[in-house]
Number of protein chains: 2
Amino acid sequence: MGETQAAPEPWAEVPARLRARGLRWTPQRRTLLAVLAETRGHVTGAELVERCRTLDPATIPSTVYRTLDVLEDLGIVRHAHGLDGREEFHVLPAADHGHLSCSGCHGTWDVDADDAAALVAVLAERRGFRVDLSHLSVAGLCKGCASER
Amino acid sequence: MGETQAAPEPWAEVPARLRARGLRWTPQRRTLLAVLAETRGHVTGAELVERCRTLDPATIPSTVYRTLDVLEDLGIVRHAHGLDGREEFHVLPAADHGHLSCSGCHGTWDVDADDAAALVAVLAERRGFRVDLSHLSVAGLCKGCASER
DNA sequence: GATGCTATTGCAACATGCTGCAACAACTGC
DNA sequence: GCAGTTGTTGCAGCATGTTGCAATAGCATC
């Protein structure tokens, strides 16, 4: 190969990784993977279903959600919940991180390990709690929205 | 009565506060308030609907949810989203606080302003973001579950 | 390339929550 | 105490996900 750089086509390895676990590579999974490969950042589940339907109108939502579960096991996607409780998926998260959501403009930003370090330390020390960064969700007002009020 | 201790019957004022805003005091709202008055800590929306039905089997879910919206405006309840994205309501929050959820045992704990102070400071300083504590949600493993693995 | 094991699919039904709309009924004012 | 105004209700339907189950179809093996 030699494609081994920052993001060396992780998609190409997915079928093999599935099979290595006794799982299967199906047309429906191929469709979802094709969609994910063109996606960056956050998407909602409904959006993914929608996009799969453009590739294959016969797409069934439950299949998409179940495949996403499998892919989450493989570490290909991550999910969290937005401000409204809707699912948000993350494609190929470079590093574990949480999310900042603005209730004014609905923008979202990442909270990296460094930002959260202090909170993680406090909770570990005071309660022995081990924080899972990927599921950290913080709401509030972003700089712009805060200054507007 | 004579139960007037820490929480001085805030419920008694609700009808007046509604009317002060031109809103109305209806039997359905009375039912929900009766349920909330006996509730402490967190409840899901579905649970509240359920409990209202025991008082009044004719309870309609949409009415409950709409009333909860109104009560949230009045500051009587607060909502957040649990690990699974389901709604969790908080009755009479003594102070703004976030939530810690254990993905092992599904227990939840409060994150008070003090716990979150460092995170709030970091986000304010680095991005000018104003955190809304009541919507802060942190997942991970509690002390017990973490030591089990 | 046929066979068998079993992961996966598709479907239907359910769970939770929101929304539009016509009918109803609290409150206000007379 | 009656009538009008308009906030609320109940209902039906939608949106987003999840789950159970019978039928299908990958894939490993021969």
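Chain letters run A, B, ... following the sequence lines, proteins first and then strands; every chain starts at 1. Nothing here was measured: the structure is a model prediction, and the numbers come from that model.
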Side-chain donor/acceptor pairs under 3.5 Å, residues 32-41 of chain B, sequence neighbours excluded:
| from | atom 1 | to | atom 2 | distance (Å) |
| --- | --- | --- | --- | --- |
| B:Thr39 | OG1 | B:Val35 | O | 2.8 |
| B:Thr39 | OG1 | B:Arg51 | NH1 | 3.1 |

Exercise. Using a cut-off of strictly less than 4.0 Å, decide whether A:Tyr65 has a side-chain nitrogen or oxygen near OP1 or OP2 of D:dG17.
Key: yes
Self-check item: Whole-Å distance separating the CD atom of B:Glu87 from the P atom of D:dG17
Solution: 14 Å
Quiz prompt | Heavy-atom donor-acceptor pair, A:Arg29 side chain to A:Arg24 backbone, under 3.5 Å | solution = yes
Practice problem: Mind listing the residues from residues 33-51 of chain B sitting with a heavy atom below 4.0 Å of DNA chain D? Number order is fine. | Solution: none
Practice problem: Would you kindly give the CZ-to-P distance between B:Phe89 and C:dT16, to the nearest whole Å? | Solution: 13 Å
Practice problem: List, by chain and number, the other hydrophobic cluster members for A:Leu119, where Ile, Leu, Val, Met, Phe, Trp and Tyr join if side-chain heavy atoms come within less than 4.5 Å, directly or indirectly. | Solution: A:Leu100, A:Trp109, A:Val111, A:Val120, A:Leu123, A:Phe129, A:Val131, A:Leu133, A:Leu136, A:Val138, B:Leu100, B:Trp109, B:Val111, B:Leu119, B:Val120, B:Leu123, B:Phe129, B:Val131, B:Leu133, B:Leu136, B:Val138
Practice problem: Say whether B:Arg78 and B:Ser134, considering side chains only, have a donor N or O and an acceptor N or O under 3.5 Å apart. | Solution: yes
Polar atoms only, N or O, under 3.5 Å: list the protein pairs with nucleotides 10-14 of chain C and their distances.
| from | atom 1 | to | atom 2 | distance (Å) |
| --- | --- | --- | --- | --- |
| C:dG10 | OP1 | A:Gln28 | NE2 | 2.9 |
| C:dG10 | N7 | A:Arg66 | NH2 | 3.1 |
| C:dG10 | O6 | A:Arg66 | NH1 | 3.2 |
| C:dG10 | O6 | A:Arg66 | NH2 | 3.2 |
| C:dC11 | N4 | A:Ser62 | OG | 3.3 |

Quiz item: Among the clusters formed by ILVMFWY side chains lying less than 4.5 Å apart, do A:Leu74 and A:Val43 turn up in the same one?
Solution: yes
Exercise. Would you classify B:Gly85 as touching base, sugar-phosphate or nothing, given that sugar-phosphate means primed atoms plus P, OP1 and OP2, and contacts are heavy atoms under 4.0 Å?
Key: nothing
Exercise. Specify the separation, in whole Å, of atom CZ of A:Arg30 and atom P of C:dT8.
Key: 15 Å
Quiz item: B:Glu72 and B:His79: side-chain donor and acceptor closer than 3.5 Å?
Solution: yes
Quiz item: Between B:Arg53 (side chain) and B:Thr59 (backbone), is there a donor-acceptor pair under 3.5 Å?
Solution: yes
Quiz item: Does the side chain of B:Ser62 come under 3.5 Å of the side chain of B:Arg66 through a donor N or O and an acceptor N or O?
Solution: yes
Quiz item: Between the axis at one end of the helix from C:dG1-D:dC30 to C:dC30-D:dG1 and the axis at the other (five pairs apiece), what's the angle to 10 degrees?
Solution: 20°
Quiz item: Atom CZ of A:Arg86 to atom P of C:dA15: distance rounded to whole Å?
Solution: 21 Å
Quiz item: Tell me, for nucleotides 25-30 of chain D in 5' to 3' order, what letter each nucleotide earns: B for a base near a protein heavy atom under 4.0 Å, S for only sugar-phosphate near one, - for neither?
Solution: BBSS--
Practice problem: Let me know the distance between NE2 of B:His79 and P of C:dG17, rounded to the nearest Å. | Solution: 10 Å
Quiz item: Between B:Leu18 (CG) and D:dT8 (P), how many Å, whole number?
Solution: 7 Å
Quiz item: Between the side chain of B:Thr54 and the main-chain N/O of B:Glu50, is any donor-acceptor distance below 3.5 Å?
Solution: no
